[in-house]
Amino acid sequence: MHIPDGFISPKMYVPAYVAAAGLWSYGLGRLRRNLDDEAIPRVAVLTAFSFVLMMILLPLPGGTSVHAAGIGILAVLFGVWTAFLCVSLVLLLQALLFGSGGITSLPVNALAMGLIGGAAAAAAYRILRPLHERAALFAAGWLSINLAALVLAIALGAQPSLARSPDGTPLFFPFGLSVTIPAVMIPHAIIGVGEGALTVIVCGIFARLAKERGS
Amino acid sequence: MIRVEGVAHAYHAARPVLEGVTFEIAGGEKVVLLGCNGSGKTTLLKILDGLLFPDAGLYFFRGKKIDRRTLADAEFHRDFRRRVAFLFQNPDAMIFNPTVRDEIAFGPRRLGLEGADDRAETWARNLGIAPLLDRPPFQLSTGEKQKVCLAALLALEPEVLLLDEPTGSLDPRTTGWLVDFLQDLSVTTVTTTHNLSLGAELGERALVLSEKHTVLYDGAIEGILGDEQKLLEANLVHIHRHRHAGVEHRHFHSHDWE
Amino acid sequence: MKDKAALLLYAAAVLCVTLVHDIRFLAAGLAATLLFSGRSAPLLAARAGRAILVFNGIVSVSYAALALLRGAFQPEFLLRMNLRVFLLTYLAFLLVSRVKPFRALSFSPALLHLFTLTYGQIIVFRRLFDDFRLALKSRSPARIGTRDLYRNAGAAGSFFLEKALHSSTEIADAMRSRGFFRDPR
């Protein structure tokens with residue numbers, strides 16, 4: 001679901017890098033205070049976990065399938081900051097080691113998916129949990145994907161007005177918000193269902209195992 | 001029953017995992033696939049189960065070529081999956097049903113065999129896990145999970161059972177039980193291991209993969225066990241110094257250290 | 001040192017490619033990059049082309065269709081966009097093929113450690129994850145049902161979650177026993 005390289009202008013990605021860098025260091029600092037020695041190994045293995053979640057193919061109605069994102073699972077179980085750090089690290093590794101994704105769009109993708117998607121999931125879960133556990137998990141998964149997608153659609157759709165040549169030709173991306181929002185959001189409303197279902201299943205099994213262990 | 005002709009496979013172009021592998025296996029044979037880590041044993045089993053396809057060479061099962069095209073045929077696919085079963089090295093990879101009963105009945109149900117529930121009961125009894133039938137399989141011990149997976153495969157009553165390092169993570173008692181159980185089983189088995197003494201228990205014929213990913217030996221298991229040069233070449237034994245009655249000397253060893 | 005310089009050079013090149021909008025300069029940059037990459041150029045170009053094909057294809061075609069309808073079609077926009085995206089993607093593949101990013105991170109031991117640990121875990125997890133997929137395939141008909149796929153994905157997800165948490169404690173203990181942390185506890 002992420003934006004590839006070359007569609008985000010420096011007017012957006014440079015400030016996004018500055019903001020993301022500050023948030024990364026804050027998040028890592030927070031985690032180190034909470035987890036001490038285990039912070040680095042914890043982020044490493046949960047990033048690998050997040051990478052595996054993104055390998056899962058979710059079948060959707062109509063015979064298609066999409067890759068999961070797993071943001072809801074990470075945010076519900078480990079909090080927004082862990083989700084943000086792990087998703088950012090996956091995106092960085094994908095860009096630097098596997099040559100996929102993009103280095104210019106990295107901070108925008110990380111902020112949208114990890115931070116905003118993660119925060120949406122955690123908030124939805126916290127608010128709805130007293131009413132219905134499974135519905136809360138489903139909402140966390142669905143909302144994480146859809147809010148992240150909305151932010152990405154806005155980031156893309158803002159490009160024509162942010163960066164254009166003197167004659168008005170867009171420099172990075174041709175479509176404004178009126179195109180990007182429906183084009184991105186309509187499919188994600190369905191994709192979110194798969195993500196929601198996965199969040200319910202994984203968190204459900206995990207909770208059951210934790211309960212049986214008595215922890 | 002199984003015919004493999006000049007099979008080669010590589011995950012990355014520069015690093016082959018199998019090269020020019022040729023052999024035949026007749027119905028009822030018990031074959032032990034020996035080789036060191038990374039020699040291509042697991043890849044070969046995955047090819048025999050139609051999960052991977054060779055980059056070069058051919059694989060025939062009961063005279064029919066197995067490739068993407070033949071397995072795309074739903075009826076043939078179903079028939080092949082019923083006849084050939086694969087026990088993964090890590091039982092966790094196989095387990096995903098809510099109860100042991102569902103786990104064992106899964107294959108028979110999906111592959112359209114009759115009496116899936118009866119089969120689950122029968123095979124759970126045969127493997128001594130009947131008391132576990134209504135428990136979720138992922139909370140069992142590794143040995144119990146291994147039995148659940150084995151029951152799940154045997155419930156298909158397959159003709160060929162492919163076993164990938166089946167004793168790898170088992171304790172000595174469960175290993176002993178499994179060896180006895182497999183010896184009494186009357187299906188064709190292909191079992192991978194790098195444990196020589198165990199290999200001798202699990203089959204009468206050995207197929208040895210070399211470190212160069214080719215077939216180094218194909219014949220009676222006794223033949224390879226006595227051939228120190230070949231064992232050394234296949235990296236299945238090692239030489240190291242040690243003491244006997246105060247005298248230090250070097251000789252071949254197959255401690256079967258896990 | 002070489003890797004660090006290459007990483008900096010890459011960052012500078014990326015910034016330039018997004019600051020320059022003149023098609024002639026972008027084309028010259030691409031030509032220079034292709035020349036610089038020598039014999040690996042065709043292979044890298046093919047990989048970059050494949051990587052951008054779908055997204056750029058969709059954006060280009062829909063732009064062309066919409067702009068033609070409105071009578072405001074500007075071929076230079078299409079050329080600039082595709083040129084820039086291709087060049088950036090090509091640069092990323094070139095970097096990956098020439099540089100070990102791990103070595104470029106040697107300035108920060110913590111970051112280097114995090115990267116190596118994560119990469120190692122990803123390789124282990126990825127191989128194991130493949131087995132989950134294949135194990136389901138091995139016991140299923142040609143068309144696997146949606147329910148089974150979700151259940152299998154759920155089992156894989158929770159297995160890796162457990163494994164991750166277990167490994168995290170184990171790795172921390174291993175690091176502690178090797179004196180990785182300054183203050184002993």
Side-chain angles (χ1 to χ4, degrees), chain B residues 11 13 42-43 45-52 68-98 102-113 136-139 145 149 152-156 158 161-162 164, chain C residues 38-48 50-51 93 96-98 100 119-170:
Chain B
Y11 295 100
T42 302
T43 305
L45 284 194
K46 285 180 179 167
I47 288 175
L48 294 182
D49 197 36
L51 297 172
L52 289 180
R68 269 193 191 83
R69 208 176 48 82
T70 49
L71 282 183
D73 177 71
E75 207 34 60
F76 179 73
H77 186 280
R78 196 184 291 266
D79 187 60
F80 177 76
R81 296 269 170 247
R82 261 183 227 157
R83 291 177 194 270
V84 183
F86 183 13
L87 185 73
F88 280 70
Q89 186 175 358
N90 182 351
D92 284 304
M94 298 181 63
I95 280 170
F96 67 101
N97 283 284
D102 289 327
E103 194 64 60
I104 303 177
F106 174 82
R109 269 181 206 148
R110 292 299 182 270
L111 297 173
L113 291 172
F138 32 76
Q139 48 164 241
K145 280 181 191 168
C149 292
L153 300 181
L154 292 171
L156 293 167
L161 189 55
L162 308 166
D164 195 4
Chain C
R39 257 183 298 172
S40 53
L43 192 80
L44 292 171
R47 282 179 63 189
R50 264 201 306 274
F93 281 126
V96 171
S97 74
R98 295 286 168 90
K100 296 267 165 288
Y119 184 61
Q121 292 292 315
I122 285 179
I123 300 296
V124 173
F125 278 25
R126 193 161 64 167
R127 193 170 308 154
L128 208 51
F129 177 74
D130 229 28
D131 278 353
F132 272 84
R133 204 174 48 80
L134 293 179
L136 175 63
K137 198 171 160 190
S138 175
R139 290 196 284 156
S140 297
R143 264 191 76 88
I144 305 175
T146 304
R147 256 181 91 88
D148 292 343
L149 284 168
Y150 270 99
R151 261 214 237 123
N152 184 255
S158 43
F159 169 79
F160 283 103
L161 182 54
E162 286 268 313
K163 190 173 169 59
L165 292 175
H166 180 71
S167 311
S168 143
T169 319
E170 230 172 39

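Worth saying up front: this structure is predicted, and the values here are computed from it rather than measured. First the proteins, then the strands, lettered A, B, ... as listed; each starts at 1.
Side-chain contact between B:Asn90 and C:Leu128 is present, with at least one heavy-atom pair separated by less than 4.5 Å. With a 4.5 Å cut-off on side-chain heavy atoms, B:Ile95 and C:Phe159 do not count as touching.
Other residues, nucleotides and ligands contribute only 12 or fewer heavy atoms inside 6.0 Å of the NZ atom of C:Lys163.
To the nearest 0.5 Å, atom CZ of residue B:Arg78 and atom OG of residue C:Ser140 are 10.0 Å apart. Rounded to the nearest 0.5 Å, atoms CG (B:Leu45) and CG (C:Leu134) are 12.0 Å apart. Between atom NE2 of residue B:His77 and atom NZ of residue C:Lys137 there is a gap of 6.5 Å, rounded to the nearest 0.5 Å. Note that CG of B:Asn97 and CG of C:Asn152 are 9.5 Å apart. Values are rounded to the nearest 0.5 Å.
Closest approach of C:Ala135 and B:Ala93 over heavy atoms only: CB-O, 3.4 Å.
A distance-only check finds a donor-acceptor pair linking the side chain of C:Arg139 to the backbone of B:Met94 [under 3.5 Å]. B:Arg81 places no side-chain N or O within donor-acceptor distance of the main-chain N or O of C:Ala142, the cut-off being under 3.5 Å.
Among B:Leu153, B:Asp49, B:Asp92, the residue with the largest count of heavy-atom pairs under 4.5 Å with chain C is B:Asp92. When the candidates B:Phe76, B:Phe80, B:Phe86, B:Phe106 are compared by the number of heavy-atom contacts under 4.5 Å with chain C, B:Phe106 comes out ahead. Across C:Ala155, C:Gly145, C:Gly154, C:Pro141, the residue that shares the most heavy-atom pairs under 4.5 angstrom with chain B is C:Pro141.
For chain B, the nearby parts of C:Asp148 are the backbone and the side chain; heavy atoms of each come within less than 4.5 Å.
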